[in-house]
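Below you'll find the structure, written out as structure tokens, and then a few comments.
Note on naming: letters A, B, ... go to the chains in the order of the sequence lines (proteins, then strands), and numbering restarts at 1 for each one.
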Protein chains: 2
Amino acid sequence: MKAKIESDLAGAGHATMQDVARHAGVSLKSVSRVVNREPHVSEKLRMKVEAAIADLNYIPDIAARSLAGSRTFIIGLLFDNPSPNYTMKLQAGVYRACTEHGYHLRIDNVDSSCSPAVLESRLDAIVRNSRCDGFVLTPPLTDNPQVLDFFDARGVRYVRIAPSVEVDRSPGVLIDDEAAAGSVARYLWDLGHRRFGLVTGPVEHGAAAKRRAGFLDMLSGLGLTEPVAEAAGGFSFEGGITAGQQLLAAQHKPTAIFATNDDSAAGVMVACSQAGVAVPADLSLCGFDDSWIAKSVWPYLTTISQPIEEMGHAAATFLLDRRDSQPALRTLQFHLVQRDSVAAPAQEKSTSVA
Amino acid sequence: MKAKIESDLAGAGHATMQDVARHAGVSLKSVSRVVNREPHVSEKLRMKVEAAIADLNYIPDIAARSLAGSRTFIIGLLFDNPSPNYTMKLQAGVYRACTEHGYHLRIDNVDSSCSPAVLESRLDAIVRNSRCDGFVLTPPLTDNPQVLDFFDARGVRYVRIAPSVEVDRSPGVLIDDEAAAGSVARYLWDLGHRRFGLVTGPVEHGAAAKRRAGFLDMLSGLGLTEPVAEAAGGFSFEGGITAGQQLLAAQHKPTAIFATNDDSAAGVMVACSQAGVAVPADLSLCGFDDSWIAKSVWPYLTTISQPIEEMGHAAATFLLDRRDSQPALRTLQFHLVQRDSVAAPAQEKSTSVA
DNA sequence: ATGCCGATTGGCAACGCTGTCAAGATTGCG
DNA sequence: CGCAATCTTGACAGCGTTGCCAATCGGCAT
């Protein structure tokens, strides 16, 4: 079984760099140079080596590469409490970037709700054991100071998805929640709506606050004087139902409701159907996220689409392309997806504004 | 910077097995034995080594381990066309099993809709490059003959999630779809329902056929003579709407509808609200999967819960525990989740059965 | 005591690749 | 035309572990 000596194909196992070198008649190191696209390689040599690589169907061994070199060719995706839709899209984007760069994707789950000490050791285990070239942090890890401190202290590269506190602290990929909510306001306003309801999210959620502010600011900028009715929806379906009931019980029902995420918007829709309020005939409803639920309700929800897959891709690309870790932010474009839950308000005597 | 010679802590880097050996005053190989729980290690030596490991906070280097040994300590999770909810749960289960065994989870996405040649090379790249100790296959990869052939030919270990064709071919984890659908039938029957509607899934989907058969067989076994009205829902929300409209348009409306997955059940619910049919007062509705949407509709959907996370865990555990790869199946328990979309049928003159 | 056998322990060569450094090839310039 | 500067290429020593084989240590039958 030691007949490996003269054969190119080294018996049963797969071709190694050694095999390629022999086949091409060059040194081991030269093959390494070609594989790693290092400079100072003549065209001729590169061609020879590439031909040999193709001939032998050579694929570098990751384990050996990471042992010998400093790179591991692995990107870690960290999440906590994953919301299926969001996380899967993100993961798809990160994965795509990884394959584009010949990297691999490793998944790790971190429960940030545990004690700082436990969290610390958990992170330690992940970082040391994984030896990743970089991590992508998803919310709520994104905004967890302890996690950030940990990575910074270790000098481990990472990119934050949708950071909302200390935004400039490290590289991140995000959308402008405020502007997005503003665009919803403007859209509804332009349609003629003047009486609004707002379903807010959890107070501790950074994006929730921005969406609320963006919506309210735009409206007052547009000249709205009447106050916007608010109800807490907690970003959940059930919360949305409650909030919807509240908003619908008011003396002057709003003609349009903006729920700051899709789940609560779906809840509002239930409240409407319970109250006999037709969407969008009697009430326009707008969500945020373009999550999967937006097309699992009837009528389909008009909502803000975040390019989540794109954000994952951008984050990983950040890690992979820019070896310098200067803090830098990448803001991606949201867009308003017009579906069926929004219409102009029903005719009333309410053409009040000058 | 080469002052590593006498120190235990080897400067800036992390402790290596060498450091542990020195600290414990034993040989390198002995540390390896302890770490790998190999036999022929005296209690005394093991204690010493373990103490040293704890002292130095030693964590083995995966890259070195996989390079030197035959194991890689990585499990690959392969999916295609991931449905967010299902996949995330599965992934969570697989991940849990991995951490329990000190393994890592690597994700790979395979598009099985491409040409066989492309698929072949894609699989080749994944298997060779990943060098995983085993793969978990999710539907529809689970039932793709080419994928199965590929892995079998390479002698790569894998476990199938929810196999439905050639079930005995390789290790797999599944539930009894037929029995689950049967339990729905019995549940509705016991409540007094005698006029049924069935929303079917895609014909090419193995589980869809089983659910239909299980439902129908149970009903006829129970003595139902009236035919069950069927409509194609294609496992989708929109398909469910159409199917629901169809079913509801019939002369004798069914008093209970079984949609073979939750998405289509949600669609049926929309059809109901459009038709002014109250759920569950006028019509009972039952889904299948207990996916996330089951609690994103109102009323909450009564459905069959598959232990998806558990299935992922079981699959990975299979890979990790049983080093022998005898085909073996593990059937997990489903259960009927009673929520709010099912009730006894409204009183009619229809107490027909003897 | 003597010799032998199995249980322990250690030594050392891979594993496949990259980093460092030096040697050879080529070019430019005085 | 010679020598330095630069570009290309190669040799070789690890990276941190495991696998294999040899050495050592007890204990037990003789």
Side-chain angles (χ1 to χ4, degrees), chain A residues 1-2 4-5 9-49 52-53 56 58-74 102 128-129 131 133, chain B residues 1-2 4-5 9-49 52-53 56 58-74 102 128-129 131 133:
Chain A
M1 279 301 166
K2 298 226 167 182
K4 178 175 176 174
I5 301 152
L9 265 171
H14 290 300
T16 74
M17 192 174 268
Q18 187 66 255
D19 298 322
V20 175
R22 193 156 37 212
H23 188 86
V26 302
S27 81
L28 194 58
K29 181 61 203 180
S30 293
V31 179
S32 171
R33 286 204 179 85
V34 172
V35 168
N36 292 293
R37 293 183 164 59
E38 285 174 29
H40 308 309
V41 176
S42 71
E43 189 65 9
K44 193 178 140 202
L45 188 150
R46 193 163 54 85
M47 303 272 275
K48 265 200 301 191
V49 172
I53 288 178
L56 303 180
Y58 167 72
I59 295 180
D61 183 299
I62 291 200
R65 294 232 273 187
S66 40
L67 179 56
S70 47
R71 293 173 300 169
T72 63
F73 300 93
I74 294 174
R128 290 192 41 199
N129 212 326
R131 281 186 73 218
D133 287 346
Chain B
M1 279 299 166
K2 297 225 167 182
K4 179 175 176 173
I5 300 154
L9 265 173
H14 291 298
T16 74
M17 193 174 266
Q18 188 66 255
D19 298 321
V20 175
R22 194 159 34 215
H23 188 85
V26 302
S27 82
L28 195 58
K29 182 61 206 180
S30 293
V31 178
S32 172
R33 285 203 180 85
V34 172
V35 168
N36 291 294
R37 293 181 165 60
E38 286 174 27
H40 308 308
V41 175
S42 71
E43 189 65 10
K44 194 177 140 202
L45 189 150
R46 192 163 55 84
M47 303 272 275
K48 265 199 302 190
V49 172
I53 288 177
L56 301 181
Y58 165 74
I59 295 180
D61 182 299
I62 291 200
R65 295 232 276 186
S66 40
L67 180 56
S70 47
R71 293 173 301 168
T72 63
F73 299 93
I74 294 174
R128 289 191 41 197
N129 212 326
R131 282 186 73 216
D133 286 347

**Study point:** Trace of the side-chain contact (heavy atoms from CB on, under 4.5 Å) decision for B:Thr16 with B:Asp61
**Key:** CA-CA 8 Å; B:Thr16 74; B:Asp61 182 299; over 6 Å; no
Study note, to complete from the structure: Which of D:dG10, C:dC15, C:dC17 is nearest the side chain of B:Ala68? It is C:dC15
Check your understanding: C:dG10 phosphate, OP1 or OP2: any side-chain N/O from B:Ser27 under 4.0 angstrom?
Key -> yes
Revision key, fill the gap. A:Ile59 CD1 to C:dC17 P, in whole Å, measures 11 Å
Practice item. Using a heavy-atom cut-off of under 4.0 Å over every strand shown, decide if B:Phe73 touches base, sugar-phosphate, or nothing. Key: nothing
Exercise for review: Please work out if B:Pro60 contacts a base, only the sugar-phosphate, or nothing of the nucleic acid, heavy-atom cut-off 4.0 Å.
Suggested key: sugar-phosphate
Review point. Which part of the nucleic acid, if any, lies within reach of B:Leu28 when heavy atoms closer than 4.0 Å are counted: base, sugar-phosphate only, or nothing?
Key: base
**Study point:** Distance (rounded to the nearest 0.5 Å) between B:Thr72 OG1 and A:Ile62 CD1
**Key:** 10.0 Å
Practice item. Let me know the distance between CE of A:Met17 and C1' of D:dC15, rounded to the nearest Å. Key: 15 Å
Point to revise | Between C:dT27 (P) and A:His40 (NE2): distance, integer Å | key: 16 Å
**Study point:** Spacing of A:Glu43 atom CD relative to D:dT9 atom P, expressed in whole Å
**Key:** 11 Å
**Study point:** Atom-pair distance (CZ on B:Arg22; P on C:dG10), nearest Å
**Key:** 15 Å
Check your understanding: Counting side-chain heavy atoms from CB outward, which of C:dC17, C:dG19, C:dT9 is closest to A:Glu38?
Key -> C:dG19
**Study point:** Protein-nucleotide distance (B:Asn36, atom CG; D:dG16, atom C1'), rounded to Å
**Key:** 13 Å
Check your understanding: When the distance from CG of B:Leu67 to P of D:dG16 is rounded to whole Å, what number comes out?
Key -> 12 Å
Review point. Expressed in angstrom and rounded to an integer, what is the separation of B:Gln18 atom CD from D:dG14 atom C1'?
Key: 13 Å
Check your understanding: Can you tell which of C:dT18, D:dA11, C:dT8 lies closest to the side chain of A:Arg65?
Key -> C:dT18
Exercise for review: Begin with the C-alpha distance, continue with both residues' side-chain angles, and end with the deciding distance and a verdict on side-chain contact (heavy atoms from CB on, under 4.5 Å) for B:Arg33 and B:Val26.
Suggested key: CA-CA 11 Å; B:Arg33 285 203 180 85; B:Val26 302; over 6 Å; no
Practice item. Indicate yes or no for a side-chain donor-acceptor contact from B:Asn36 to the backbone of B:Glu38 under 3.5 Å, with no hydrogens or angles considered. Key: no
Check your understanding: Do B:Arg33 and C:dG10 have a side chain to base donor-acceptor pair shorter than 3.5 Å?
Key -> yes
Study note, to complete from the structure: Sorted by position of nearest nucleotide on DNA chain C, 5' first, the leading residue of B:Lys29 and B:Ala64 is B:Lys29
**Study point:** Residue mapping more 5' on DNA chain C - nearest nucleotide basis, B:Val41 or A:Ser32
**Key:** B:Val41
Study note, to complete from the structure: Only one of A:Val31, A:Val49, A:Leu56, A:Ile53 passes side chain to side chain contact (heavy atoms under 4.5 Å, CB included) with A:His23, and that residue is A:Leu56
Practice item. Output yes when at least one side-chain N/O atom of A:Ser42 is less than 4.0 Å from OP1 or OP2 of D:dT8, else no. Key: no
